[in-house]
Trainee: 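Attaching a single structure in structure tokens format; questions to follow.
Values in this document were obtained by computation on a predicted structure and should not be read as measured data.
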Amino acid sequence: MEPLFQINVKCICCDESFQTSRVRPSLKKAVKTDTDFCSYFKTVNPDYYVVRVCPNCGFSTTENFAERINDKQKSIYYEKIGNKWKFKDFGGERTLNVAMECYKLCLLTAQAIGEKDRVIAALLHHIAWLYRYEGKKDQENRFIQFALDAYVRVYETERDSISNARLMYLIGELNKRLGNFQEAVRWFGRVIQDKKIVDAAMIRASREQWQHIREIMTGQGLELPEEMQQSGT
């Protein structure tokens, strides 16, 4: 059985229909997952096929985009991207490089039409993962910083409407990956100590990363953050 199957999508910008590939659900089981939810797969990587690129106008989306856009957004998109677009079909099999091209097109689309910060944050984070697969640490960290900044904006503007625990954990984890240990401890501590949070998995993950930071800092002879000096959590 082929790992990919095709679905039909109608572009919300030009209204043309096109086909894009998806990975069969039976092949979506990860063999390993990093602490910031980056997953690794034995055969084909489903993340390569998250972005749907309209071959006719280039408008690129994920399932998390708004279901429709207004005329002003269409106009801005065409002004910035669409008018320069030449027909290109991304509907078949994708390599890592092709997936990267799709994600960056999607990021430009999202930024052009003013998509929500949480959508943009996820795209930036996925691009960081693609650079991680390639072993390009500098570029990975660059996009982790972009994603971190976007996740913080999400926390500041949307925290009442989304899962706080996972968001706060991610902000802590990305800070940890960038070596911002003081800030990471602060965010992990919020997950651990907030009595309103009942997400056991995120509380456990935050405790594990808190302890990991303690081990790193102790091993490097660094002064522990004040929160760690006060608590052995």
Side-chain angles (χ1 to χ4, degrees), residues 28 30 32-40 46-47 50-51 62-66 103 106-107 110-111 114-133 137 139-220 222-233:
K28 285 187 176 182
K32 186 180 82 163
T33 303
D34 290 339
T35 48
D36 67 340
F37 310 122
C38 175
S39 295
Y40 301 81
D47 277 357
V50 167
V51 175
T62 70
E63 291 180 352
N64 294 321
F65 270 57
Y103 270 105
C106 196
L107 176 63
Q111 291 170 332
E115 253 297 351
K116 289 183 177 179
D117 281 324
R118 59 184 163 84
V119 174
I120 291 173
L123 291 170
L124 291 164
H125 198 178
H126 274 80
I127 291 170
W129 291 348
L130 293 178
Y131 279 122
R132 188 178 304 170
Y133 296 143
K137 189 67 176 175
Q139 286 285 62
E140 177 195 338
N141 284 347
R142 180 166 163 255
F143 276 87
I144 282 180
Q145 183 65 63
F146 292 152
L148 174 57
D149 294 342
Y151 281 130
V152 171
R153 288 196 299 274
V154 174
Y155 180 80
E156 291 169 347
T157 59
E158 295 186 49
R159 60 178 144 186
D160 294 331
S161 61
I162 56 175
S163 170
N164 250 352
R166 183 182 172 95
L167 178 60
M168 288 192 290
Y169 167 80
L170 260 181
I171 293 172
E173 173 60 23
L174 296 192
N175 269 300
K176 171 176 164 278
R177 285 178 172 270
L178 293 172
N180 306 329
F181 294 145
Q182 300 267 1
E183 195 68 7
V185 165
R186 191 163 71 86
W187 286 95
F188 290 139
R190 286 182 177 184
V191 180
I192 296 165
Q193 293 156 14
D194 189 337
K195 301 301 181 188
K196 297 193 294 292
I197 291 176
V198 294
D199 188 330
M202 289 299 96
I203 293 171
R204 183 172 62 252
S206 295
R207 287 184 186 278
E208 288 171 355
Q209 296 313 309
W210 171 292
Q211 185 58 34
H212 190 211
I213 290 174
R214 177 191 285 275
E215 292 167 3
I216 292 172
M217 296 188 76
T218 301
Q220 294 179 0
L222 301 173
E223 183 179 353
L224 294 176
E226 187 177 338
E227 294 93 332
M228 283 185 166
Q229 295 174 17
Q230 295 172 350
S231 170
T233 303

Trainee: Does the ring center of W187 lie less than 6.0 Å from the ring center of Y151?
Mentor: no
Trainee: Determine yes or no for a side-chain-to-main-chain donor-acceptor pair under 3.5 angstrom, with E115 supplying the side chain and A66 the backbone.
Mentor: yes
Trainee: CZ of R153 to CZ of R118: how many Å apart, nearest 0.5 Å?
Mentor: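 R153 atom CZ to R118 atom CZ measures 14.0 Å (nearest 0.5 Å).
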Trainee: Do M168 and D199 have side chains that approach each other closer than 4.5 Å (heavy atoms only, starting at C-beta)?
Mentor: no
Trainee: Using a strict threshold of under 4.0 Å (side-chain N to carboxylate O), is an ion pair present between E183 and R186?
Mentor: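 Looking at R186 and E183, the cut-off is met.
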Trainee: For the residue pair M202 and R166, what are the closest heavy atoms and their distance?
Mentor: SD-CA, 3.7 Å
Trainee: For the residue pair W129 and F143, establish whether any side-chain heavy-atom pair is separated by less than 4.5 Å.
Mentor: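 No, their side chains stay 4.5 Å or more apart.
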Trainee: What distance do N175 atom CG and I213 atom CD1 have between them, rounded to the nearest 0.5 Å?
Mentor: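 One finds 8.5 Å between CG of N175 and CD1 of I213.
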Trainee: Give me the atom names and distance for the closest heavy-atom approach of M217 to E223.
Mentor: CE-O, 3.1 Å
Trainee: With the side chain counted from C-beta on, respond yes when N164 and K196 share a heavy-atom pair under 4.5 Å apart, and no when they do not.
Mentor: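 No, too far: nothing below the 4.5 Å cut-off.
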Trainee: With rounding to the nearest 0.5 Å, note down the distance linking OG in S206 to CD in Q211.
Mentor: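 These two atoms lie 13.0 Å from each other.
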Trainee: Does a sphere of radius 6.0 Å around NZ in K28 hold more than 12 heavy atoms from other residues, nucleotides or ligands, not counting ones at 6.0 Å or beyond?
Mentor: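 Yes, because the 6.0 Å sphere around NZ of K28 holds more than 12 heavy atoms from other groups.
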Trainee: I need the E158 CD to K116 NZ distance, nearest 0.5 Å.
Mentor: 5.5 Å
Trainee: Measure the CD1-CG distance between I171 and D149 for me, rounded to the nearest 0.5 Å.
Mentor: 10.0 Å
Trainee: Any idea which heavy atoms bring I197 and I203 closest together, and the distance?
Mentor: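 Scanning both residues, the minimum pair turns out to be O-CD1, 3.6 Å.
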Trainee: Taking the side chain as every heavy atom from C-beta outward, state whether D47 and S39 have any atom pair closer than 4.5 Å.
Mentor: no
Trainee: Do N141 and Q145 meet the criterion of a side-chain donor-acceptor pair at a distance under 3.5 Å?
Mentor: no
Trainee: Do D34 and Y40 meet the criterion of a side-chain donor-acceptor pair at a distance under 3.5 Å?
Mentor: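 There is such a pair between these side chains.
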Trainee: Is there a side-chain contact between F146 and I120 in this structure, where contact means two heavy atoms from C-beta onward sitting under 4.5 Å apart?
Mentor: no
Trainee: State, yes or no, whether a side-chain contact exists between T35 and R177 at a heavy-atom distance under 4.5 Å.
Mentor: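 Yes, their side chains come closer than 4.5 Å.
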Trainee: With heavy-atom distances below 4.5 Å as the criterion, would you say the side chains of I144 and Y131 are in contact?
Mentor: no
Trainee: Using every non-hydrogen atom in the two residues, find where D117 and T157 come nearest and quote the distance to one decimal.
Mentor: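 Reported closest heavy-atom pair: OD2-OG1, 4.4 Å.
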Trainee: Might you point out which heavy atoms bring A150 and L124 nearest each other, and give the distance in Å?
Mentor: CB-CD1, 4.1 Å
Trainee: Checking H125 side chain against A121 main chain: does a donor-acceptor pair fall under 3.5 Å?
Mentor: no
Trainee: Could you label the plane-to-plane angle of the F188 and Y169 rings as parallel, tilted or perpendicular, counting under 30° as parallel and over 60° as perpendicular?
Mentor: tilted
Trainee: Drop me the distance from L107's CG to I127's CD1, to the nearest 0.5 angstrom.
Mentor: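 Between atom CG of L107 and atom CD1 of I127 there are 5.0 Å.
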Trainee: Indicate the atoms forming the closest heavy-atom contact of A147 with L174, along with that distance.
Mentor: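 Smallest interatomic distance, heavy atoms only, reads CB-CD1, 4.2 Å.
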